[in-house]
Every structure is written in structure tokens, then in C-alpha cells.
Undergrad: 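Structure in C-alpha cells, see below.
Predicted, not measured: the structure shown is a model, and the values here were computed from it.
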There are 2 protein chains.
Amino acid sequence: MLSNSGKYALKAVLYLADKTDSSNKLMVKDLYQPTQVPKAYLAKLLQNLSKHNIISSTKGPKGGYYLTKENKENSVYRVIEVIDGNQRMEACVLGIEECNAQHPCPLHEYVGPSRAVLLGTLKKMTIGELSLDLKKGASFISS
Amino acid sequence: MLSNSGKYALKAVLYLADKTDSSNKLMVKDLYQPTQVPKAYLAKLLQNLSKHNIISSTKGPKGGYYLTKENKENSVYRVIEVIDGNQRMEACVLGIEECNAQHPCPLHEYVGPSRAVLLGTLKKMTIGELSLDLKKGASFISS
DNA sequence: TCCGAAATATGATTTTTATCATATTATTTT
DNA sequence: AAAATAATATGATAAAAATCATATTTCGGA
Ligand code: FES
Ligand code: FES
């Protein structure tokens with residue numbers, strides 16, 4: 001459904017949302033084990049997320065990655081969009097160019113509605129909100 | 001959402017469902033243009049689908065690919081399963097090992113239900129049923 | 001001001017997916 | 001039986017995704 005990069009990015013962002021803020025940062029070496037993401041690959045992903053203002057960072061000693069209040073207000077979908085692009089989840093299921101009621105593929109009317117609900121959820125829910133369950137211990141990001 | 005292979009396979013199978021039966025077959029060269037799939041790649045996909053009894057075939061002159069009544073009773077999901085495997089759509093959205101209510105990732109309870117509806121639809125609907133809209137001209141498989 | 005810590009930029013390698021090409025086998029027609 | 005046709009098997013190449021590695025920049029502390 002999501003690419004590995006997408007899954008990794010979401011896990012990392014949610015973990016950061018749970019554990020960090022402007023005065024509590026985490027470094028790559030603190031993140032790759034709990035999120036189960038290859039260290040060097042995670043580093044690259046975090047750089048990309050940082051560049052797109054999904055997460056925040058400061059260099060040097062006492063530096064690291066963290067999520068500001070504003071970062072936590074990004075939608076879950078925004079993370080996916082930055083990493084996987086918007087076509088992966090939103091384009092026609094069968095890959096035809098025009099995806100609309102006037103020119104539907106055979107699946108359009110059947111998968112369209114439930115997919116819209118799914119995407120609607122991801123677009124409405126913020127990273128901050130979603131991380132609350134994690135804090136409560138009601139959900140997990142590793143096996 | 002689906003791999004290119006998955007999209008290609010579904011388009012080809014639906015096209016065959018619309019146009020063929022035991023006495024009306026189509027060859028690769030008749031299929032690659034309407035489905036918009038690279039010819040040699042389509043050939044390989046059809047072989048794979050044939051091996052998995054998703055489609056039927058006969059060699060030699062007057063041969064080609066076609067769908068029997070039984071073939072048309074396969075679910076849409078079955079095609080996806082054969083090509084993309086079942087993990088792509090069914091595994092945990094974040095990729096954690098156990099995906100269940102006892103060990104949920106943060107997204108489990110939010111995307112689970114709508115995803116289940118989506119997959120349920122794909123599993124219930126047969127290729128034959130879905131191809132009817134195509135025959136009516138109510139849906140399309142190419143731009 | 002200098003040293004070390006950490007992100008950043010960049011690029012190389014590996015693996016997977018997608019694509020292309022060809023030789024072989026089976027079947028129909030002549 | 002031979003010839004032509006179409007799927008099948010197999011493998012080669014190309015492109016994309018995932019992974020690994022390293023040099024550079026920025027910042028805090030001694
Ligand atoms: S046309 Fe295929 S999903 Fe909309
Ligand atoms: S645990 Fe992630 S979707 Fe079920």
C-alpha cells in the first residue's frame with residue numbers, strides 16, 4: 001500500500017511526535033532501533049522530511065530531530081504525500097489517465113467510496129493526534 | 001496502490017472477460033494496444049496468469065488467451081493476489097509484524113475499517129461481474 | 001578559538017521491478 | 001509430414017527503490 005520509505009517515514013515521524021518537542025530532541029542513532037529502520041536509510045529519510053518541514057532539526061551537539069507544535073499539526077497524509085507522492089494512493093486503481101465519474105475504470109465506482117473514506121481519514125487526522133495512542137501505550141510501531 | 005504489474009494484469013483480465021470466451025480468443029498482439037501494456041511485458045504477465053489458472057490459453061494457430069466461465073468467477077482480488085501477493089494490500093500499513101487488535105499500530109483502528117471494506121469489495125466481486133460495465137460502455141480500461 | 005557532535009549533501013552499491021528479446025514447444029492447416 | 005502460428009520458458013537489460021558509505025557544514029562546549 002505504502003512504499004517502504006513511506007512506512008519508515010511515518011513510523012519515525014510518529015515516534016518523534018510521541019517522544020520529542022522543541023526541548024527534547026532525538027538523534028538518528030536513537031531512532032533507528034525503536035522504529036526498525038536501517039540506520040543510514042533513516043538518516044536520508046529524515047533529511048528529506050526535514051527539508052519539507054515535516055520535522056524539525058538542529059545541527060551540532062545537543063542537536064537532533066524533533067517535532068514542533070506546528071509539525072504535529074500536519075496531517076498523516078502529508079507525510080505520505082511528501083515521501084510517496086500523491087499518485088500512489090490517489091491515482092486510478094488501474095492506472096488510466098482520467099479518473100472521474102465521466103471516464104471511470106471498471107473499479108472506480110466500487111473502490112472509489114471506501115478509498116475516499118480511507119484517504120479522508122488520513123487527511124483529517126494529524127500526526128499529533130495519532131501519536132496520543134502511542135503515548136498511552138494503546139498502539140505500537142515495532143513488533 | 002497496486003504495482004504496475006497488478007494494474008496491467010487486471011486490465012488485461014477484464015478486457016479478456018469482456019471480449020473472449022471458449023470460442024473467441026485473443027492473442028497478445030490484439031491485447032497490448034487496448035490495454036496500454038508493453039507487449040513483451042504483457043506476454044509474460046499472461047503466461048503467469050495462465051499458469052495460475054486466472055486465464056485460459058491454447059497454443060498454435062487459432063489459439064490465444066480467453067476466459068472460461070470458471071475463470072470469470074474468480075474474484076478481482078484473486079488476480080491482485082497472484083501478481084502482487086497478499087501482503088501489499090493486507091499487511092500492516094506501517095509494516096509491523098503482528099497486525100491485530102491486540103498489537104495494533106497507530107493507524108490500525110483508523111484505516112482498518114475502510115480498508116476492510118475496500119478489500120471486501122474486491123474479494124466479493126468477480127471478474128465476470130465487473131466486466132459487465134465494460135461491455136455496457138459504462139467504464140473504460142484505457143485513456 | 002578549537003574540537004567534537006550532529007545534521008546535511010552527495011554519491012555508490014544492491015535489490016527489486018519493469019521491460020525487452022529469443023529460443024522452444026504445441027497445435028492447426030496445407 | 002511440413003509449415004506456419006501462437007503460447008511457453010528462459011534469460012538479458014534497464015529503471016527504480018532501497019540500502020550503504022562518506023565528506024561537508026553547522027553549532028555548542030571546553
Ligand atoms: S478511473 Fe479508475 S479509480 Fe477512477
Ligand atoms: S497493526 Fe498496523 S494496520 Fe494493523
Undergrad: Could you tell me which non-hydrogen atom of Leu46(B) sits nearest to which non-hydrogen atom of Ala12(B), and how far apart they are?
TA: CD2-CB, 4.2 Å
Undergrad: Taking CD from Gln36(A) and P from dA18(D), how many angstroms apart are they, rounded to a whole number?
TA: 17 Å
Undergrad: Looking at Glu90(B) and Lys123(B), is any side-chain nitrogen of the basic one under 4.0 Å from a carboxylate oxygen of the acidic one?
TA: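 Yes, this pair counts.
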Undergrad: Quick one: Lys25(B) NZ to dT27(C) C1', roughly how many Å, whole number?
TA: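 Atom NZ in Lys25(B) sits about 10 Å away from atom C1' in dT27(C).
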Undergrad: Donor-acceptor pair, Arg88(B) side chain versus Met1(B) backbone, under 3.5 Å?
TA: yes
Undergrad: Might you list the N or O atoms of the protein lying below 3.5 Å from N or O atoms in nucleotides 18-20 of chain C, with each pair's distance?
TA:
from    : atom 1 : to       : atom 2 : distance (Å)
dA18(C) : OP1    : Asn4(B)  : N      : 3.0
dA18(C) : OP2    : Ser5(B)  : OG     : 2.9
dT19(C) : OP2    : Tyr8(B)  : OH     : 3.3
dT19(C) : O4     : Lys44(B) : NZ     : 3.4

Undergrad: Report yes if some heavy atom in the side chain of Ile54(A) is under 4.5 Å from a heavy atom in the side chain of Arg78(A); otherwise report no.
TA: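 Yes; the side chains approach each other to less than 4.5 Å.
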Undergrad: Atom CD1 of Ile55(A) and atom C1' of dA7(C): how far apart are they, to the nearest Å?
TA: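 It works out to 10 Å between those atoms.
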Undergrad: Less than 4.5 Å apart, any side-chain heavy atom of Tyr110(A) and any of Met125(B)?
TA: yes
Undergrad: Using only atom types and a distance under 3.5 Å, with no angle test, would you say the side chain of Lys39(B) pairs donor to acceptor with the backbone of Tyr32(B)?
TA: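 No, because the side chain of Lys39(B) does not come within donor-acceptor range (under 3.5 Å) of the backbone of Tyr32(B).
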Undergrad: Please produce a list of atom pairs where a protein N or O lies less than 3.5 Å from an N or O of nucleotides 22-30 of chain D.
TA:
from    : atom 1 : to       : atom 2 : distance (Å)
dT26(D) : O4'    : Lys59(A) : NZ     : 3.2

Undergrad: Could you tell me how far apart His52(B) (NE2) and dA9(D) (P) are, to the nearest whole angstrom?
TA: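 Taking atom P of dA9(D) as the reference, NE2 of His52(B) is at 12 Å.
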Undergrad: CD of Glu97(A): more than 12 outside heavy atoms within 6.0 angstrom?
TA: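 No, the 6.0 Å shell around CD holds no more than 12 heavy atoms from other groups.
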Undergrad: Could you work out which one of dT8(D), dT8(C), dA6(C) sits closest to the side chain of Tyr65(B)?
TA: dT8(D)
Undergrad: Just by distance, no angles: are the side chains of Thr126(B) and Lys72(B) close enough, under 3.5 Å, to form a donor-acceptor pair?
TA: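 No, because no side-chain N or O of Thr126(B) sits under 3.5 Å from a partner of the opposite role on Lys72(B).
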Undergrad: When the distance from CD of Gln47(A) to P of dC20(D) is rounded to whole Å, what number comes out?
TA: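 Answer to the nearest Å: 15 Å.
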Undergrad: Give the rounded distance in Å between these two atoms: OH of Tyr66(B) and C1' of dA7(D).
TA: 12 Å
Undergrad: Using heavy atoms to find the nearest nucleotide of DNA chain C for Gly63(A) and Lys51(A) separately, return the residue whose nucleotide is more 5′.
TA: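 First, find each residue's nearest nucleotide; the 5'-ward one identifies Gly63(A).
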Undergrad: Report yes or no: does Thr20(B) contribute a side-chain atom to a donor-acceptor pair with the main-chain N or O of Leu67(B) at less than 3.5 Å?
TA: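 Side chain of Thr20(B) to backbone of Leu67(B), a donor-acceptor pair under 3.5 Å: yes, one is there.
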